[in-house]
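Worksheet for the structure shown next.
Since this is a predicted model, take the numbers as computed values, not measurements.
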Amino acid sequence: MSKLETNQVDPSTGTTLTLGTSGDTIAIPSGVTIANSGTATGFGGDNTPAFLAKPVTSATGSDDTFTKVSFTEAYDSDGKFDGSKFTPGTAGHYQVNVDLELTGGGGNGYGCHIIIYKNGSADYSLNYRLDGDAFLAQSRGGPSGVIYLDADDYIEVYASFNTPGGQTFTIGTEGQFSSFRILGT
């Protein structure tokens with residue numbers, strides 16, 4: 001083993017300095033500080049794919065019936081969100097967040113339910129349920145948590161509201177639906 005001591009190493013030609021070859025390990029001992037004043041590339045990763053969407057417009061749903069919610073894309077890192085459905089294209093654990101405003105028909109209701117559907121079926125690990133009496137007029141909230149998705153899995157948001165007399169309910173324009181991949185899982 002040889003030891004090279006110097007204060008600066010520059011490439012002899014071009015602009016790239018290569019340390020080692022394929023299969024080599026470059027060890028940085030404990031206690032050493034790496035100070036970067038340039039651009040670092042190829043380290044770590046991004047929490048992508050990721051998206052953020054807002055409810056499209058006010059929509060209505062039938063009493064005590066799950067209604068799929070449509071959204072307008074605000075941000076989509078990899079083009080994986082299509083207006084109501086997120087298909088990540090990359091397997092991993094994903095943080096999922098939903099926040100919706102629901103209003104019962106006639107101003108009152110008995111309860112509401114917002115749930116993530118995975119591959120077309122309700123996933124009760126990510127759901128928000130608020131039960132009330134006949135005085136629940138409006139709710140704002142939604143599920144938030146971590147879910148594992150394969151590359152071709154997809155998730156959607158559904159909402160319901162139990163109204164008196166079978167009236168419709170309204171999904172407001174405020175709120176959001178978002179998700180991002182958690183690195184290292």
Pair Phe86-Tyr94, ring pair (Phe, Tyr, Trp, His ring centres under 6.0 Å): steps then yes or no: CA-CA 11 Å; Phe86 174 60; Tyr94 286 80; 5.8 Å; yes
Does a side chain donor of either Gln95 or Ser144 reach within less than 3.5 Å of an acceptor in the other side chain?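 Their side chains do contain a donor-acceptor pair, which is all the 3.5 Å distance test asks for.
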Where the side chain of [X] meets the backbone of [Y], is there a donor-acceptor pair that is under 3.5 Å apart?
| X | Y | result |
| --- | --- | --- |
| Ser77 | Ala50 | yes |
| Tyr154 | Leu149 | no |
| Asp123 | Tyr117 | no |
| Asp82 | Ser84 | yes |
| Asp131 | Gly111 | no |
| Asn47 | Arg181 | yes |

Separation of [Y] [atom2] from [X] [atom1] (nearest 0.5 Å):
| X | Y | atom1 | atom2 | result |
| --- | --- | --- | --- | --- |
| Ile114 | Arg140 | CD1 | CZ | 9.5 Å |
| Asp46 | Leu183 | CG | CG | 7.5 Å |
| Thr67 | Leu102 | OG1 | CG | 9.5 Å |
| Leu52 | Thr72 | CG | OG1 | 11.0 Å |

In one Ile/Leu/Val/Met/Phe/Trp/Tyr side-chain cluster, 4.5 Å: Phe169, Leu130: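 Same cluster: Phe169 reaches Leu130 through Ile, Leu, Val, Met, Phe, Trp or Tyr contacts under 4.5 Å.
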Once side-chain contact (heavy atoms from CB on, under 4.5 Å) is applied, do any residues pair with Asn127, and if so which ones, sequence neighbours excluded? His113, Ile115, Tyr124, Arg129
Apply side chain to side chain contact (heavy atoms under 4.5 Å, CB included) to Gln138 and Thr103, showing your working. CA-CA 4 Å; Gln138 187 176 57; Thr103 304; 3.2 Å; yes
Centroid separation Phe177 to Phe51 less than 6.0 Å: yes
Looking at Asn7, I'd like to know if its CG atom is crowded, meaning that more than 12 non-hydrogen atoms belonging to other residues, nucleotides or ligands lie closer than 6.0 Å.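 No, CG of Asn7 has 12 or fewer neighbouring heavy atoms, counting only those of other groups under 6.0 Å.
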Should the pair Tyr148 and His93 be assigned to parallel (<30°), tilted (30 to 60°) or perpendicular (>60°) ring geometry? perpendicular
